[in-house]
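Written out below as structure tokens is the structure these notes cover.
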Amino acid sequence: MHLAYPAVLSALLFCTGLYGVLARRNAILVLMSVELMLNAVNLNLVAFDVWLAEAAEDTLHSGQALTLFTIAIAAAEIGIGLAIVLAVYRARGTSDVDRLRETAERGHPDGTGGSGADAGDPDGAGRNAADRTEAAA
Amino acid sequence: MQFLLALIVAGPLLGAAAALLPAPPGLKGKSPQQAVLRHGVLVTGVILLAAIVLALGFDHDHPSRIQASTDLSWIPALDVRLHLGVDGISLPLIVLTALLTFLCALHSYFKRPEGPAPQAFVALILVLESGTLATFAVLDLLLFFLAFEMVLIPMYFLIARWGGKDRGPAAWKFILYTLLGSVVMLLGLLLVGLDSGTFDMVALASDNGRSLSASVQVTAALAIGIGLAVKTPMWPLHTWLPDAHTAAPTVGSVLLAGVLLKMGTYGFVRVLLPIVPDGARTFAPYLAAFAVVGVLYGSLACLALVREGAGGDLKRLIAYSSVGHMGFVLLGIASMTPTGVNGALFANIAHGLITGLLFFLVGALKDRTGSTDLDALAKETGAALYGRAPRFGGLLAFGAVASLGLPGLAGFWGEMLAMFGAFDPAAGLHRGAFLTFTALAAFGTLLTAAYLLLVVRRVCMGAVPEKAPEFADVQGYEFAAWTPLVLLTVLAGLWPAVLLGLTDPAVHKLLAGGAS
Amino acid sequence: MSLAAQSHGFLSPTGVEITFLLVGLVTLGAALVTVTTRRLVHAALWLVVALGGLAVEYLLLTAEFIAWVQVLIYVGSVVVLLLFGLMLTRAPIGPSPDADSENRWVGLAVALAAAAALVWVVVDAFRTTYIDLDGAAQGTTEVTGQSLFRGWVLPFEALSVLLLAALVGAIVISRKTAEEETGPGGTAPVTPPRRTGPRSTGNGRRGITAAASAAARSRATTTPATAPEGEPGPAPETSNSQAIDGEAPGKGEEVPAKGEGAAKGGEAPGKGGDLAAKGEDAPAKREDAAAKGEDAPSKDEEGEQR
Amino acid sequence: MTTTTLAVLVPLLPALGALAGLLLGRRAPGFVRPLAVLPTLTAGVLAVLVAVRQGGGAPVDAVRELTPTGSVPIELALHIDGFAALVAILVGLVATCVQLYSTGYLRDDPRYPSYAAIVSLFTSAMLLVVYSGDLMVLLVGWEIMGICSYFLVGHYWETPEARAASLKAFLVTKLGDVPFLIGLFALATETGSFRITRILGAVADGGLDHPTLIALLLLAGVAGKSAQFPLHTWLPDAMAGPTPVSALIHAATMVAAGVYFIARLLPVFTASRAALIVLALMAAVTMAGSALAALAQDDIKRVLAYSTIGQLGYMTGALAVGERGAAVFHLLAHGAFKALLFLAAGVIIHAAGTNSLAAMSRMPGLKSRVPDAYWTMTVALLALAALPPFSGFFSKEAVLGAAEHAATGHEGPVPGAAGWIVLVAGLFTALLTAAYATRLWLLTFHSPLARAAEEPGPLAEAAAGQEAAAEEARAHGHGKQPAVMNLVLWILAIPSLAFGLAVGTIPDWFDGHSLNPTLTTSVLGTGLALVGGLVTYGTWRHTTAMALRVPLGAVAVNRQEGAAAVEAEAITAHEPAYGDIAAAPDPADPGRLLLGPLHRHAVSGFHLDAVYSALFVRPVQLAAKVVRFLDREVVESYVRAAAVLPRWFGAAVRRAQTGNVQTYLSALFAGSAVLALAVVVLAHLNAGS
């Protein structure tokens, strides 16, 4: 069998998963997409392992071993992931990724007020901006 | 001699450290402040003495040879060497620095600087002195940069903590502006050092840029030139100077104008001209153009400040006059002729002496009347200092006349030779352009004369009001601090060979690439 | 390059390749639908199809053991867990309009770019390589078993430890934290006045966490039928308690913080009950308790402290 | 003592005197007067000795290098030829007279020590200019004279006129010195040295590449210093200084320095015909313009100032026709009688309490009050008007003779046109000079009131009242001039009278051309002078009657004070009393009638001041405003922008932190995709190439 098929398939699957991760709103859907990506990798591993096992007489089957590894870890990961999603859900009442914005910059004290600072002295403006951010935090 | 130069450079640092320690039991003096100020005077006095002995011990027959040199390896990896040495160009500057710092210490001993702890004040001045002396004594590019930078920190604190109105922003702008310039210069220095393999100025100077390709020379010249131009200050990069001077304390102003500006021009002569001559030659016309603009710009700015009702500040005016005088120095350097460079070096020393004196006088004026605002000082007809304090008026008139470049005083020879150099520039430079520059610079001397005499008219002349507030004439200690400057100005004016005899052979050697 | 490679031209695919391609297409289609469908539960189900397709692919690649493991673990437990997750977070059953965030176009662009790059590289690299499937089956359980126990024993032991850690972690995240029993700095007795006053977000959040753990515990209590002693809490939740915000109107008189869920009034008495509940959950080993959303004490506590 | 050491002592002594005066000024007032007079006196005597030793023979030369400059070295050189020797004597004589006069004039002025020191410094600077053989050292002396004139004109710094005049004097001369310096550079670059001997040598054999340019540049400096046509406006205003200063600086020495300089470097000027034409034109315009202006002035010193400008015009005219002997001869003669005129004017101002001719013409008996001043002034005015027996006649005729000689085409390098211009302007000015000299004499000494006192009528009482006041004032010792001032007047009267007789021996010191007056020009000159005088006398007799009807004039009240204080008050009083610093609305003034419509323009020096302020002053002030704006707004704004820009960038980048994890991930993957792609492409390229 032509090695390109599994390779291409895994690439496409991986990118579909990637799209899912980047585009989906619900955290669980994101987890599903992550699963897809992991599976794509597994497919690649298996394909290469089978190819190498015969091409390079490699008896170690590291590819398949790593696939098993990945599957196990994926299971653990999905467990923990869902636990976290639930906790986040309970804490925030929502599990939509783009509504969880705690890490955003608190307003833009410098962005809006900054440029209007007195033009007289660069130092003065710099100092005012610094005071304002402390005040805001 | 070797040890002497090392003492001159390192001495102030040790003094600064000692200044921070509490006074030893024996030398308590009236109060800790008084003790530390006396310590300052002592250390700077010793350094001045050492400088004078160095000058006397200097072999005046061969000023172009590097004398009293110490050459220790410091960073073998980068081939950076602790290479100190002095020749006809740097000796006068070293003596000038030592003298000015001693006079400042003397002045602040009697007139305590108002501001936080004098210990810090003395320590900063000594570090400043060590930095400037090192800049003039060092013969290694990286060391030169190190010393060049070392000076900024103490000056920043001098302005920021002992300065006058809105000193914070002024100090801030001073240090950021100069640092930016120096960073660019560092790139240039590194380019030269790494490209040519060595950082040693003497080797590079005698090699006269033969081992550096043209493009490297041009870029290096531009980078180093910008860094030095900020410090000089050259015309468009000068806006930090008036603010720094207006806010600096008297001692800070004297040292800033008297010594720090010279480091920029000394850098041009010692680093730029000999090491990257082709680069310098490509930028010479632009440098000359900016210099001449600086001359006219500075004097016109002063004319604007001195006008009735312009609310001009005297210290700001003298700062702009420094921009003008430095314009002449740069013109001399840009001409790349021995005459021009001699004129530049002479004008350096002269400007140091005269502007130092002027800043001392304005400082004293500020101490007596509380403000250096011209309109407040000269009500309608003028402050009539001739009448209220004849000696003070006389000295101010002398300072103004010396500053406008009266022949027979130090100011004239520098400017005249710079213009003479520019009149007949080095080969390869556009003669027509330099002729116009000379003419404009000569017209600049007229504008300089105009605003300085207007200052004399508004401050020294005028009807003596009956109930004028009491204006103390020159005190004893002020005389002590100022007479050396006056005497040296007259001496250098009447006998220019005392400086030109030293610099001329050295300049010939530098420009000819170590050949002669 | 094995002899077989020469004989196979790219254009004359063998039977295996055809089936592989077909199943590949199915898997890819399922994956695409998973990622784009609006109905969340359907997405999960399509995921099952995709994973199943992959299992078949493994079989085609003679990786037999892995195929079964795939089916067993992935299709069996992982997707089920996902469904549970959907259920627990009360995801809307019907088509939810905003399944895709406004970041979708950027995501699409990045995904396509990545796909293009990967495919181009992979195809360019392995244009002439072929897998010789006719030889001894590489992926049978016996071969895999031998290689596992010969070369990979230690990693798999480590894997089991990891699974245990994951297990404990999941449980810890979902149960109420020990620290909550004692209340913030031993002010438990003073709790009533605080209730009515305007809560600073910090307390409010602790209030919620405590309530969340109460709810979880109440849920946990549903299956083993041991009522949480000392739970005077007015926890009227039924076994499959609706979304926490459902209770808010009944109990919490404070205004629920925007998007922070109901800062329930009940939290105070709930606090009273913490002590009792603390001891009971540690030993409880539930086969699927790992999935319950228990707040990991350390992570959440710090969150509150900040 | 060799001639060189003598020659070195001549400029050195006054300088040391000045230094000592400045230092001891406050501590030992007793020493100040001798310290002022003695060094200048000894310098004068030594100058005479040097002149006798040199005796018109080979020039005394001595050289010592002052400093290397990198290209053309500057040397302390002495080059004393006949001209230098005689001019030095003139300087010595006039300086000593002025110092003596000042001891009386500024007797109780607190600032006398610094005044005397600066006058000594000035004298040493002038002597340095006269003796110096190196142009750079000459420039040093040249500019020190300028700054001394600035300080001395600003002596009465309480008065606004003095403050303005001192600044104007220095700036206008400095304006002239700017091209002068560039001219020196050009000369030095072409001839390779600053030394006069070498320059003259170079001009003689190789000649200059562009002599016209150099000549014109040097001419600008000379015009500034010797107050010639374009740059003469500062001299009339410089009369705000004390009279001895005007006598020394603005009559005999400083203004003569320019003429002397051209005489020293005449070959450079004669090398270019264009330069000579320009010089001749400048001389002609100066002569005519200043004579007209002198006729209209009301202030006695401004009349003399304009007269000085006119006489200097004569000297430059002589140089324009290539005859430096006549120029220096006229310089010497003029130096003597003009100094006398100024010093006498000082005495008169002190006695009359005013410097306005209109006021003096209404003051009878002035003649009898200061008889010495009257007689010496009469001698000097006759010399000024160039009437035969007096020194003025011989020197002016020498100039006119030279002009006529050149006009008739005999002089080689000198263009005939220059000769004609100088001759015509010279004759016309001779007429006008006689006119304003007579006007001055009549208005000062011959008041109509004195005559009216004899006839009865209302005027009689007014005249008698005036007479009585004068009598009573003289009674209690007022107006009694210190003896030393009168002595000085008589000392200076001698050369004004007798110097003409030396016309025979003078050429030995000069180039040897005979300076005897030629018949035609002397007849023409003297005739015109007589006509001028008689016409003015006629108009005066006609207009003087009006003086009785129109009372005018303000007089300084406390004339008991020292002459300097009276003069300061007179100067400040002139503008408020008469409305204009220069003119007075006096119908009885013959000049008003003679000039007619020209009077209004002549008074203000043909509005040159207005032209200069429009051409130079206002544009510079405007430029200053522009620079002030430029500095605050443009250059500063770049610095501020350098500060604001990074902050804006910061704000922009800050905005990217939306908090949406997915956007971060997308960015992350996009970046890694690009990187991967880049690596692959590069690998591909490298592999490929």
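Protein chains get the first letters and strands the later ones, always in sequence-line order, with residue 1 at the start of each.
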Quiz item: Sequence neighbours excluded, which residues qualify as salt bridge (Lys or Arg N to Asp or Glu O under 4.0 Å) partners of A:Arg101?
Solution: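 Salt bridge (Lys or Arg N to Asp or Glu O under 4.0 Å) check on A:Arg101 returns C:Glu102.
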
Practice problem: Check for a donor-acceptor pair, side chain of A:Asn39 on one end and backbone N or O of A:Glu35 on the other, with a separation under 3.5 Å. | Solution: yes

Quiz item: Quick check: are there more than 12 heavy atoms from other residues, nucleotides or ligands sitting under 6.0 Å from CH2 of C:Trp152?
Solution: yes

Quiz prompt | C:Trp120, CH2: over 12 other non-hydrogen atoms inside 6.0 angstrom | solution = yes

Self-check item: Ring center gap for C:Phe65 and C:Tyr58 short of 6.0 angstrom
Solution: no

Name the region of [X], side chain, backbone, both or neither, that has any atom closer than 4.5 Å to a heavy atom of chain A.
X: C:Leu86; result: both
X: C:Ala113; result: neither
X: C:Val33; result: backbone
X: C:Leu51; result: side chain
X: C:Leu21; result: side chain
X: C:Leu40; result: both

Which residue out of [options] racks up the most heavy-atom pairs below 4.5 Å with chain A?
options: C:Ala50, C:Ala31, C:Ala63; value: C:Ala31
options: C:Val121, C:Leu148, C:Thr89, C:Val143; value: C:Thr89
options: C:Thr37, C:Leu118, C:Val79; value: C:Thr37
options: C:Ser160, C:Pro155, C:Ala165; value: C:Pro155
options: C:Leu54, C:Val122, C:Val119, C:Val16; value: C:Leu54
options: C:Leu82, C:Thr144, C:Thr34, C:Thr27; value: C:Leu82

Any idea which of [options] has the most non-hydrogen atom pairs under 4.5 angstrom with chain C?
options: A:Val8, A:Leu38, A:Val50; value: A:Val50
options: A:Ile28, A:Asp96, A:Val97; value: A:Ile28
options: A:Leu68, A:Leu29, A:Leu12; value: A:Leu68

A side-chain contact here means heavy atoms from C-beta on lying under 4.5 Å apart; do [X] and [Y] qualify?
X: A:Pro6; Y: A:Met1; answer: yes
X: A:Leu100; Y: A:Thr94; answer: yes
X: A:Leu43; Y: C:Leu61; answer: yes

Exercise. Would you mind telling me which of A:Asn26, A:Val21, A:Leu82 makes a side chain to side chain contact (heavy atoms under 4.5 Å, CB included) with A:Leu31?
Key: A:Leu82

Exercise. Name the region of A:Thr67, side chain, backbone, both or neither, that has any atom closer than 4.5 Å to a heavy atom of chain C.
Key: side chain

Practice problem: Pick one of side chain, backbone, both or neither for A:Ile71, based on which atoms fall under 4.5 Å of a heavy atom in chain C. | Solution: both

Quiz item: Can you name the nearest heavy-atom pair linking A:Tyr19 to C:Thr36, along with the distance?
Solution: CE2-CG2, 4.2 Å

Exercise. Quick one: do C:Phe126 and A:Phe48 satisfy ring pair (Phe, Tyr, Trp, His ring centres under 6.0 Å)? Show the steps, please.
Key: CA-CA 11 Å; C:Phe126 301 107; A:Phe48 277 85; 4.9 Å; yes

